[in-house]
Number of protein chains: 2
Amino acid sequence: MKVLIVEDDPLHRSYLHEAVRSALPECEQVLEADNGGAGEKLARENKSAHVVMDLQMSARNGIEAARTIWKERPDTRILFWSNYADEAYVRGVSRIVPPGAAYGYVLKSASDDRLKLALRSIFIESQCVIDREVRGLQQKSLGHANGFTDSEYEVLMDIALGLTDRAIAKRRNLSLRSVQNRLQQLYEKLDVYQPMNDNEESRFNLRARAVTIAFLRKLLNYSALERAEAELADWHSGR
Amino acid sequence: MKVLIVEDDPLHRSYLHEAVRSALPECEQVLEADNGGAGEKLARENKSAHVVMDLQMSARNGIEAARTIWKERPDTRILFWSNYADEAYVRGVSRIVPPGAAYGYVLKSASDDRLKLALRSIFIESQCVIDREVRGLQQKSLGHANGFTDSEYEVLMDIALGLTDRAIAKRRNLSLRSVQNRLQQLYEKLDVYQPMNDNEESRFNLRARAVTIAFLRKLLNYSALERAEAELADWHSGR
DNA sequence: GTCCGTCTTGCAGAAACCCGCAAATTTTCT
DNA sequence: AGAAAATTTGCGGGTTTCTGCAAGACGGAC
């Protein structure tokens, strides 16, 4: 068995290396990459079926890397090992995991044991292991109790990118009014209307405020924005 | 001599501890805190004059912590040790460093030697040490060659918070039109007008797009937004 | 002082945004 | 299939944003 580690930070990388060695004695080789691009390359060359991946690396995003790896070999097992449980990340991961694939999401703040257990469960038993904190988000975001539907999330990304109503309508094949409807739902759910500190006359620019709140609530983050921007460019070049 | 380490990540914390021990043999005690709040407390209790501080910690921000520490003892020497050189961080730090104080800004990607050298320069020699990458940003942002004036940055934060033109005018004591002038300057400098992929009819919502671009260029980030939101709440409660 | 540049302000109009109302359409459920 | 619920769409109008034009205001340079 071979394991590929994709991780920015040298300290974390060697810590992971150690953890893999100790949790998986049957592993005869550990590969390391320090950014997403190198990770993809190594995975391709070595036909790696077992990957531990950091999200948020400066050069190339972990989610991007995971996506291309999974596109080439959908049965690859990937353990995401991340600092944060932002909804933006969780959503980003759920969107790309192929049906039936085994994967995991463990926070860096988890204990040694938890990490090692996750490594064995995923790589040996092919089970999915999702940290409790992360799991909570996933439930909430998919079962739309408090969470957002896909269309609301879509329109959120669109205004975060700075598109006009008209542009969104074109992109999503909707009428202008429908877009505005979705925006209204979004504003409602994000609770944009609260007049800060019961100061009556302080109103917000709803559109901009929605993005702000989404950021503060970690529905959005840099990496999500980056991905959205790339998708937009794609769509744009395809007319 | 005592040194206080404020750092989220246990791995990085112990690495720092080691570095301090080896670079500063005259240091007889190393204190550790794992978030900004605890850091402030320890600094206060121990009258620490030498601090190594991580920016971006989940609980309480490094910049916030540094600010209160410096408010209580402006001669404290602080070395900021950060993953990123976002302009938002650099700007945030420059804004709070007291006149004449010795401080440093070193990236986590720097070598062992660089870190140790910085530790000695700042704590022993009272010199300022700023990483080259960071320095570049600082130049650009202060000397307003390509950078932004304070008023432009202010208005950028304000729209990022989701304020209306009117609200900004009230907050900054300007007329509506002046606010809009500054917005125009901002749009100009951020190059918001470029029609994506020479597609003529795709225009952006300038206000939202400006924020997006600022994020992508790292003029803004989560922590800056968080601070701005807190400032806004302050201002609001003071009518 | 005068001149020049930058910043501020008002006015006005085009475009975009926000939203209530109501009809048409699609989806979901029984 | 038929009813209920959710979505989509058009219309209309009130508000906000964006911008050109032009008239002061402030400050520094000569």
Side-chain angles (χ1 to χ4, degrees), chain A residues 142-196 199-214, chain B residues 143-145 147-196 199-214:
Chain A
L142 295 186
H144 56 115
N146 185 17
F148 293 64
T149 57
D150 286 339
S151 55
E152 283 155 0
Y153 202 74
E154 254 179 8
V155 76
L156 170 60
M157 297 306 298
D158 286 342
I159 58 172
L161 285 173
L163 298 178
T164 62
D165 290 4
R166 198 183 307 277
I168 299 174
K170 203 161 289 177
R171 184 177 188 196
R172 306 296 182 190
N173 282 317
L174 289 170
S175 73
L176 201 61
R177 189 59 179 89
S178 295
V179 173
Q180 294 169 334
N181 268 339
R182 293 187 177 184
L183 283 174
Q184 272 182 273
Q185 297 170 225
L186 186 68
Y187 298 156
E188 204 69 50
K189 284 207 185 169
L190 283 175
D191 203 15
V192 167
Y193 298 98
Q194 47 175 338
M196 187 131 228
N199 181 342
E200 185 47 49
E201 72 166 314
S202 87
R203 282 236 222 64
F204 285 112
N205 176 318
L206 299 179
R207 172 178 290 248
R209 185 63 182 169
V211 177
T212 312
I213 292 184
Chain B
H144 55 114
F148 293 64
T149 58
D150 285 341
S151 55
E152 282 156 1
Y153 203 74
E154 254 179 8
V155 76
L156 170 61
M157 297 305 298
D158 285 342
I159 59 172
L161 285 172
L163 297 178
T164 63
D165 291 3
R166 199 184 306 281
I168 300 174
K170 204 160 288 176
R171 185 177 187 197
R172 307 296 182 189
N173 282 317
L174 288 171
S175 73
L176 200 61
R177 190 59 180 89
S178 294
V179 172
Q180 293 168 332
N181 269 340
R182 295 189 176 181
L183 282 174
Q184 271 182 276
Q185 296 171 226
L186 186 68
Y187 297 156
E188 204 69 49
K189 284 208 185 170
L190 282 175
D191 203 15
V192 166
Y193 298 99
Q194 49 174 338
M196 186 131 230
N199 180 341
E200 187 46 48
E201 72 166 317
S202 86
R203 282 239 218 64
F204 286 112
N205 176 318
L206 300 179
R207 172 178 292 248
R209 186 64 183 168
V211 177
T212 312
I213 293 186

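Proteins get letters first, then strands, A, B, ... in listed order; numbering begins at 1 in each.
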Classify Asn181(A) by what it touches in the nucleic acid, base, sugar-phosphate, or nothing, heavy-atom distance under 4.0 Å. base

Ile168(B): which of Leu176(B), Leu163(B), Leu161(B) passes side-chain contact (heavy atoms from CB on, under 4.5 Å): Leu163(B)

Heavy-atom side-chain proximity of Ile213(B) to Asp191(B) below 4.5 angstrom: no

Between Asp158(B) and Arg172(B), is the side-chain contact (heavy atoms from CB on, under 4.5 Å) condition met? List the steps. CA-CA 10 Å; Asp158(B) 285 342; Arg172(B) 307 296 182 189; 2.9 Å; yes

Between Gln180(A) and Gln185(A), just flag the one whose closest nucleotide in DNA chain D comes earlier from the 5' side. Gln185(A)

With a strict under 4.0 Å distance from non-hydrogen atoms of chain A, what nucleotide opens and what nucleotide closes the contacted stretch of DNA chain C, reading 5' to 3'? dA16(C) to dC21(C)

Do Leu190(A) and Arg209(A) have side chains that get closer than 4.5 Å, going by heavy atoms? no

Glu188(A) meets the salt bridge (Lys or Arg N to Asp or Glu O under 4.0 Å) criterion, sequence neighbours left out, with none

Using the test side-chain hydrogen bond (donor to acceptor under 3.5 Å, both in side chains), find all partners of Arg182(B) that sit at least two apart in sequence or belong to another chain. none

Hey, does Val192(A) have a side-chain heavy atom less than 4.5 Å from the side chain of Thr212(A)? no

Arg177(A): what forms a salt bridge (Lys or Arg N to Asp or Glu O under 4.0 Å) with it, not counting sequence neighbours? none

Report which part of the nucleic acid Ser178(A) touches: base, sugar-phosphate, or nothing (heavy-atom distance under 4.0 Å, all strands). base

Considering the terminal five base pairs at each end of the helix from dG1(C)-dC30(D) to dT30(C)-dA1(D), what angle separates the two local helix axes, rounded to 10°? 40°

Bounded by its outermost nucleotides with an atom under 4.0 Å from a heavy atom of chain A, the footprint on DNA chain D reads dT8(D) to dT17(D)

NA contact type, Leu176(B), heavy-atom cut-off 4.0 Å: base, sugar-phosphate, or nothing? nothing

Taking all heavy atoms of Gly162(A) and all of Phe204(B), pick out the closest pair and write down the distance. O-CD2, 3.1 Å

Which value, rounded to the nearest 0.5 Å, describes the distance between Gln185(A) atom CD and Phe148(A) atom CZ? 11.0 Å

Please figure out whether Asn205(A) or Leu174(B) has its closest DNA chain C nucleotide nearer the 5' end. Leu174(B)

Using a heavy-atom cut-off of 4.0 Å across all strands, would you classify Arg182(B) as base, sugar-phosphate, or nothing? sugar-phosphate

Is it true that the side chains of Glu154(A) and Ser151(A) contain a donor and an acceptor less than 3.5 Å apart? no

